[in-house]
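Chain letters run A, B, ... following the sequence lines, proteins first and then strands; every chain starts at 1.
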Amino acid sequence: MEYNFRDIEDKWQAYWAKNKTFAAKDDPSLPKYYGLTMFPYPSGAGLHVGHPLGYIASCIYARYKKLQGYNVLHPMGYDSFGLPAEQYAIQTGQHPAITTEQNIKRYREQLDKIGFSFDWEREVRTSDPSYYKWTQWIFKQLYNSWYNNKTNKAESIESLVKIFEKEGNATVDAPNDQKDTFTAAAWNELSEKAQQNILMKYRLTYLADSWVNWCPALGTVLANDEIKDGVSERGGHPVEQKLMRQWSMRITAYAERLLNDLETVDWSDAIKEQQRNWIGKSVGAEGHFKLVGGKEIIEVFTTRPDTIFGVSFMVLAPEHELVNKITTAEYKEEVDEYVKQAGLKTERDRQSDVKNITGQFTGAYAIHPFTGEKLPIWIADYVLAGYGTGAVMAVPCGDQRDWDFAKHFNIPIKNIFKDVDISEGAYTEKDAVITDSDFLSDLPVNKAIKTAIFHIEKEGIGKGRTNYRLRDAVFSRQRYWGEPFPVYYKDGTPYLLEDDQLPVTLPEVDKYLPTEDGEPPLARAKKDAWDVEFDGERMEYNTMPGWAGSSWYFLRYMDPHNEKAFVSKEKADYWNQVDLYIGGSEHATGHLLYSRFWTKFLYDMGYISFHEPFIKMINQGMILGNSAFYYSTVKIDFSFFGSGRSHDHNAFERNEFLNSLLPPIFISADLINSNNVHDKILNAISKEIRSFYERFGEQDKVQILDVNTQKLHMDIRNIENDAIDLEKVKIDNRYPEFEKAIIIRNEEGKLICEREVEKMSKSKYNVVTPDTDPDTGKEGLIEQYGADTLRCYEMFLGPLEQAKPWDTQGINGVHNFLRKFWRLFHDAENNFSVSEGEPDKKSLKTLHKTIKKITDDLNRFSFNTAVSNFMICVNELTDQKCNNKGILKELVVLISPYAPHIAEELWSKLGEQKSVTTAKFPEYNEAYLKESEFAYPVSFNGKMRFKIELPTDFSKEEVEKEVLAAEESQKWLEGKAPKKVIVVPGRIVNIVV
RNA sequence: GCGGGUGUGGUGAAAUUGGUAGACACGCUAGACUUAGGAUCUAGUGCCGUGAGGUGUGUGGGUUCGAGUCCCUCCACCCGCACCA
């Protein structure tokens, strides 16, 4: 074999490991580059070809930066707490730590085969006690902090206590859940416990009764970002709202900063927009509506205070705390029933039920603060308890939902927009002029909003306010395989463990299931099963959510073995922000928001000196799998007719009987809609039909009316050119039905599958693994083509950010390129052979052109075009029969980030002693790129134009001179003076004649 | 409904500030060699046309000497959010 990638790759991977080639040194004198890819959850399925995509891009860029002289930090680790290992533990009893360890081992083997430049000295695992010690520690810091809106940062809780002691809480401006104000004197008289209860309402992580998303199937609560379309992201189980005592993170305190600082990071618009959406800032006002004949006050939030005179009713969320208090006796029964019904709905029902307008009048009325009008108070589940105040002032003329509601329940609609027709629907544009609205009349909407707020504040009935859709994040999970909280309870009050008691490690339990009383699995651990001493009745039984460990792992890489701190200040200052973060966009509202939040918090507390974790981010597109489906009959509808009988009253029975005789029938996908498929089936089941005749008599003739089929996944490893390999499938024990099945083949005698592009996943049987398949033992791409080919091919597939189906076919082209590259250095007998002397001009031009292109490609993260440009370069050098040592040496360095193994091999053959990673990335020389000067005419739409290739640095005058010279030399131009000459340096010159 | 994105051959895709559209690769066609292989090499390959030529970057329009690229219109697809007041 001329290019023996197997030996080469083994050799150099061993070399890198032995020499710790990619171990980053903390050397502040060097310019740093911190490249990071999102660390994986080590699942049991191992890596498929989609996983390494981002890692390869990250590796290429890290290697490029290293060649440019940067001190590169390119670490890797595992997000190793998580649900699948726990579910596996529940099924098998095997400790999740063992499963996780095994999975990591397999991941590591696979990763190593691809030749990544990861610094494994710095590996972190979120499930490692030496790591989650610091996750627990950060939790403690959050607990011991509050957010001061005046200084706009988090501060220690002691500073809040001091304010309380001196001034009470009236002057404190902080996000909190403390509704009532108190004086300093009142505070000082409170018991320790009462004080703690109040402080809990200010802490950045706090324990509170809150409405949470409860997923009964998973037996745990979930954060909003773990829910998609009203069902759990993992498993797709229904989710309901439940009031539970849970730990939460006060991420809402950071809403404004999380929003504004998006402008300081270089992320894709899509992700930024998703985060903006998620944060969901809306500016408006809150107002208080008094009750008719009651002292209660209904607080509402609106973005349209200008429509205050258009209010014709009020709506409360069914869960609103006032509902019980204000409902009149007359309506009590109906209201209770409505509240009950609303409570029964799952989140999904509620969402899919949007078009159904429901509601219930409470019998109570509110007073309009300006007109004194009586406004009926309704409850309806289109008002959400969790957003704003859980109550709205309904303005049917300006809000479609209010309009629909008013129409449905025959509530009068008042129009306050001048010259606007609202008979068909609400007018939601903000370009109208207000009318019939006292002091707001004749004002345009934007001015009316300001004026309305002014009056609302003046009258003391409310104030301007900003609301966010973002909710505080539930931080506890009723699970085993997660970080234990550093919290214990004494008399039902939570207390924190001391720093020197950390980490609290996960205790052993007999089962990984909840207890009979519905307590989380950790409740199974006896007090002495914990490795900490505590003065209380029990430890916290909840564990932290999956995103706890991943919210700060990028900091730990900087200083992974530090036992004194989560990261030292010096190292955090040096490595600083992640320069390039590569990962999937599915974390847009989860991980990426939480890690920004924690980074800002740690910045506020002075532990790090940057407040955004990731300067630039690229979201690699998903690699999709090409699933295969075969058609299987579910049921065949036969019709029977015999001699002298036109109608058969026993058809149903006969149909059932004949179907019961049939084995599974699989039909080639290309026949499904063909005319003769029924005949083919009849032919194929002649044996069964004979059995049928034995019972019902030969006089019946059988015809097929209809064939009901279903599509089933076929493992793509049993497929060859869209056809199922029947020999293979018969020995595949997952498809036992093929043993006895009737197969309706197409003209070529094949059973063709239908192909469809889907997400690559083990359950869809469409996975392509990069290395040898552990199930079948069949050679993988790396064994067939080598890691370098795989790396180049994954990049060649298309733009990194785009989702693309995997297609193995094209890999040959890339492999050929590497073989051609190899041949540049070797003679026909495969002996290393390069020429010393001066390179010729053409080859120099090819080289420098390529260096320029590749540098540009890398700088704009266009990894796919770079591979193409390598190919062009190697093709050209092959044509030029160039084997000049000087040229090839530069080319080797240039290619090394993409194909590091072959580059190392050639580099050493060229006589270099050290690894190619110590080389300098080549720079191009403009001088070699100078174009020869020539001009030729091109006919074009009746006009003529010159093409003149000129050096790019020519001035306007120089170009004009060249144009004149070219004109001179062109005979065809004789007698025709150019009408107009457009000159662009370095470009084509058009001359219109 | 709101927001974001994408539309270029049979396929993946190039075209960096507007400047010869389809580079590079897959696939396909024909041929060569051959110890018949899913190897290698040569030629061809946007579409229509034997040809000269015409035509062509989702649709329609505009700006320009010149538009895949800039502006407007519409269409299609993908992604995210969604009773958020």
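The side chain of A:T865 approaches B:A14 more closely than any other nucleotide in the set B:A14, B:C83, B:C24. Relative to the side chain of A:S868, the nucleotides B:C81, B:A85, B:C24 differ in distance, and B:C24 lies closest. Relative to the side chain of A:K853, the nucleotides B:C83, B:U16, B:C81 differ in distance, and B:U16 lies closest. Nearest to the side-chain atoms of A:R401 among the listed nucleotides B:G80, B:A85, B:G27 stands B:A85. Checked against B:A85, B:C83, B:A23, the side chain of A:Y387 finds its nearest nucleotide in B:A85.
Comparing the same atom, P, in B:C81 and in B:A15 gives a spacing of 31 Å after rounding to whole Å. A gap of 10 Å separates the P atoms of B:A23 and B:U45, to the nearest Å. Between B:A32 and B:G22, the two C1' atoms lie 29 Å apart (nearest whole Å). Atom C1' of B:G7 sits at a distance of 11 Å from the matching atom of B:G68, rounded to the whole Å. To the nearest whole angstrom, the two P atoms, one in B:G58 and one in B:A14, are 15 Å apart. With P as the reference atom, B:U69 and B:U50 are 32 Å apart, rounded to whole Å. Across B:C65 and B:U6, the matching P atoms stand 29 Å from one another, rounded to whole Å. Atom C1' of B:G38 sits at a distance of 31 Å from the matching atom of B:C47, rounded to the whole Å.
B:G53 adopts an anti glycosidic conformation, its chi angle falling more than 90° from 0.
Look at A:R469 and you'll find a side-chain N or O under 4.0 angstrom from OP1 or OP2 of B:A82. Contact check, A:S282 against B:A85: a side-chain N or O comes under 4.0 Å of OP1 or OP2. Here A:Y468 does not reach the OP1 or OP2 of B:C84: none of its side-chain N or O atoms lies under 4.0 Å away. Of the side-chain N and O atoms in A:R860, one or more sit less than 4.0 angstrom from OP1 or OP2 of B:A15.
Here A:N875 lies in heavy-atom contact (under 4.0 Å) with sugar-phosphate atoms only. A:V383 comes within contact range of at least one nucleobase, with a heavy-atom separation under 4.0 Å. Counting any heavy atom pair closer than 4.0 Å across all strands shown, A:N864 reaches sugar-phosphate atoms only and no base atom.
When ring centroids are compared, A:H368 and A:F309 come within the 6.0 Å threshold. Ring pair A:F405/A:F313: centre-to-centre distance below 6.0 Å. No close placement of the A:Y427 and A:W403 rings is indicated, their centers lying 6.0 Å or farther apart.
To the nearest angstrom, C1' of B:U40 lies 12 Å from CG of A:N812. In this structure, A:H815 places its NE2 atom 12 Å from P of B:A39, rounding to the nearest Å. What separates CG of A:N816 from P of B:U42 is a distance of 12 Å, to the nearest Å. Look at NZ on A:K849: it is 16 Å from P on B:U16, rounded to the nearest Å. Residue A:E226 contributes atom CD, which lies 17 Å from atom P of B:G80 at whole-angstrom precision. Going from atom CD1 of A:I811 over to atom P of B:G12 covers 18 Å, rounded to whole Å. The nearest whole Å value for the distance from the CG atom in A:L818 to the P atom in B:C24 is 18 Å. The NZ atom of A:K281 sits 18 Å away from the C1' atom of B:G3 (whole-angstrom rounding).
A heavy atom closer than 4.0 Å to some atom of RNA chain B occurs in A:F796, A:L797, A:P799, A:Q802, these being the qualifying members of residues 793-805 of chain A.
Within a 6.0 Å radius of CD in A:E299, other residues, nucleotides and ligands contribute more than 12 heavy atoms.
Toward the 5' end of RNA chain B, the nearer of the two residues A:Q809 and A:R823, judged by each one's closest nucleotide, is A:Q809. Residue-to-nucleotide proximity on RNA chain B shows that, of A:A385 and A:I227, the 5′-proximal contact is made by A:I227.
Classification of the A:Y61-A:F863 ring pair by plane angle, with boundaries at 30° and 60°, yields perpendicular.
Checked against A:M795 for a side-chain contact (heavy atoms from CB on, under 4.5 Å), the options A:T865, A:V814, A:I60 give a single hit: A:I60. Results of the side-chain contact (heavy atoms from CB on, under 4.5 Å) test with A:N869 over A:D857, A:L894, A:D856 single out A:D857 as the only residue that passes.
Of all non-hydrogen atoms in A:L470 and A:A255, the two that sit nearest each other are CD2-CB, 4.1 Å.
Counting heavy atoms from C-beta on, the side chains of A:N830 and A:W822 come closer than 4.5 Å.
A cation-pi geometry, defined here as NZ or CZ lying under 6.0 Å from the six-membered ring centre and within 45° of its normal, holds between A:R596 and A:W267.
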message: Dot-bracket, 5' to 3', for RNA chain B please: Watson-Crick or G-U pairs under 3.5 Å, [ ] where pairs cross earlier ones, | where the partner sits on another strand, dots elsewhere.
response: (((((((..(((......[....)))((((((.......))))))(((....)))..(.(((..]....))).))))))))....

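How far CD of A:Q620 is from CD of A:E794: 10.0 Å, rounded to the nearest 0.5 Å. For the atom pair CD1 of A:I298 and CD1 of A:I377, the computed distance is 3.5 Å after rounding to the nearest 0.5 Å.
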